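On a predicted model such as this, the values are computed, not experimentally measured, just so you know.
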Amino acid sequence: MRLFRLFAPLLKRFMNSHIAQRRSQLDLLPAATGRVVFLGDSITEAGMWDEWCPEFQTMNRGIGWDTVGGVLGRLDTTLYQPIAVSLLIGTNDLAGFGRSHRVADIADQMDTLLSRIRSAAPDVLLLVNSVMPRSKSFASDIEALNRRYEQLAAKHSAVYIDLWPALVGPDRALRKDITSDGIHLKGAGYQIWVDLLRPQLASAVGGPPPI
């Protein structure tokens, strides 16, 4: 964890370039309404959501390296009358790429972000995904932040999706069988995530019942 935070300032130049390139596309794409919006960082960006969730119309608004503050800053070009929003964000903040790596500060930003989402989409299903496990050194901070996320989900009438039990290994790191780098998911990891999301989406949005 200290190593990530030590090199975070050096990596931010690459990070900012990637974010700017992807935002330059998302900002220009025409608004599409009535979608399940997947909002988050690289874990969301890499998800093949149309294929995973063919029963729903989806929109992938994940950007690699993004942070809570980054998502907050691009909401105006993200939410166009969605029918549901799935939010996964925070792991890059803990690694030192956001405004702060402290749990309390990240949670305060998340509180503001959820307020803004609710202002833009007051009645839709809002899924707040817990921060996923990564290396063991992050485990305590992730668990502490997830406790705050669960409280914030209740405060903002959102559904909290606890991914930790299904994705964590006995060493308190991301399960080795579902990742290649200790942070991002392989197909089996996305399958687990989708299996947790689908019942919530089906009950609120419609579509066939989960298998």
Before giving the answer on side-chain contact (heavy atoms from CB on, under 4.5 Å), spell out for Asp171 and Lys176 the whole-Å C-alpha distance, their side-chain angles and the decisive distance to 0.1 Å. CA-CA 10 Å; Asp171 56 354; Lys176 294 178 175 57; 2.8 Å; yes
Please test Ile83 against Thr33 for side-chain contact (heavy atoms from CB on, under 4.5 Å), starting from the C-alpha separation and ending with a verdict. CA-CA 8 Å; Ile83 55 175; Thr33 63; over 6 Å; no
Criterion side-chain contact (heavy atoms from CB on, under 4.5 Å) on Arg175 and Leu167, from CA distance to verdict: CA-CA 6 Å; Arg175 281 171 41 187; Leu167 301 180; 5.6 Å; no
Val128 and Ile161: CA distance, side-chain angles, deciding distance, side-chain contact (heavy atoms from CB on, under 4.5 Å) verdict: CA-CA 6 Å; Val128 175; Ile161 305 295; over 6 Å; no
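With sequence neighbours excluded, no residue satisfies side chain to side chain donor-acceptor pair (under 3.5 Å) with Arg35. Residues satisfying the side chain to side chain donor-acceptor pair (under 3.5 Å) test with Ser130, not counting sequence neighbours, are none. Under the ring-ring contact (aromatic ring centres under 6.0 Å, His included) criterion, Phe38 pairs with Trp49, not counting sequence neighbours. Residues passing the side chain to side chain contact (heavy atoms under 4.5 Å, CB included) test with Gln191, sequence neighbours excluded: Trp52, Asp195. Residues passing the side chain to side chain donor-acceptor pair (under 3.5 Å) test with Lys155, sequence neighbours excluded: Asp111.
Of all heavy-atom pairs spanning Cys53 and Arg198, the tightest one is CA-NH2, 4.0 Å. Closest approach of Pro82 to Ala121, counting heavy atoms only: CG-CB, 4.1 Å. For the residue pair Arg172 and Trp164, the shortest heavy atom distance occurs at O-CH2, 3.9 Å. Thr44 approaches Gly40 most closely through the heavy-atom pair OG1-CA, 3.8 Å. Here the closest heavy-atom approach between residue Ser86 and residue Asn129 is recorded as OG-ND2, 2.9 Å. Listed here is the closest heavy atom pair of His184 and Ser42: NE2-OG, 2.8 Å.
Pairs passing the salt bridge (charged side-chain N to carboxylate O under 4.0 Å, His left out) check and including a residue from residues 180-189, sequence neighbours excluded, do not occur.
Using a 4.5 Å cut-off on side-chain heavy atoms (C-beta onward), Phe56 and Leu197 make no contact. Looking at Leu152 and Tyr160, their side chains never come closer than 4.5 Å, going by heavy atoms from C-beta outward. Ile117 is not listed as a side-chain neighbour of Val124, based on a closest heavy-atom distance of 4.5 Å or more. Side-chain contact between Gln109 and Leu72 is absent, with no heavy atoms from C-beta onward closer than 4.5 Å. With a 4.5 Å cut-off on side-chain heavy atoms, Asp93 and Arg99 do not count as touching. The shortest distance between side-chain heavy atoms of Leu125 and Leu127 falls below 4.5 Å. Two residues are said to be in side-chain contact when any heavy atoms from C-beta on lie closer than 4.5 Å; Leu94 and Ile142 meet this criterion. Between Leu87 and Leu113, some side-chain heavy-atom pair lies under the 4.5 Å cut-off.
With rounding to the nearest 0.5 angstrom, the OG1 atom of Thr91 is 6.5 Å from the CZ atom of Phe138. Here CG of Leu174 is found 4.5 Å from OG1 of Thr179. Values are rounded to the nearest 0.5 Å. Taking OG1 from Thr58 and CE from Met48, the interatomic distance works out to 11.0 Å, rounded to the nearest 0.5 Å. How far CZ of Phe97 is from CG of Asp41: 11.5 Å, rounded to the nearest 0.5 Å. Distance NE2/His101 to CG/Leu145: 12.5 Å, rounded to 0.5 Å. If you take CD on Glu55 and CG on Leu201, they are separated by 8.0 Å, rounding to the nearest 0.5 Å.
Using a distance-only test at 3.5 Å, with no hydrogens or angles considered, a donor-acceptor pair links the side chain of Arg118 to the main chain of His156. At distances below 3.5 Å, at least one donor-acceptor pair connects side-chain atoms of Asn60 with backbone N or O atoms of Glu45.
In summary, the side chains of Asn92 and Thr67 do not present any donor paired with an acceptor at a separation below 3.5 Å, with no hydrogens or angles considered.
With respect to Asp66, the side-chain contact (heavy atoms from CB on, under 4.5 Å) criterion is satisfied by exactly one of Arg74, Arg22, Arg61: Arg74. Among the candidates Leu39, Val71, Ile43, the single residue satisfying the side-chain contact (heavy atoms from CB on, under 4.5 Å) test with Leu88 is Ile43.
Under the 4.5 Å side-chain heavy-atom criterion for grouping Ile, Leu, Val, Met, Phe, Trp and Tyr, Leu28 is not connected to Met59 through any hydrophobic cluster. Taken together through direct or relayed side-chain contacts under 4.5 Å among Ile, Leu, Val, Met, Phe, Trp and Tyr, Leu75 and Tyr80 form parts of separate hydrophobic clusters.
A salt bridge between Asp76 and Arg116 is present, with a side-chain N of the basic residue lying under 4.0 Å from a carboxylate O of the acidic one.
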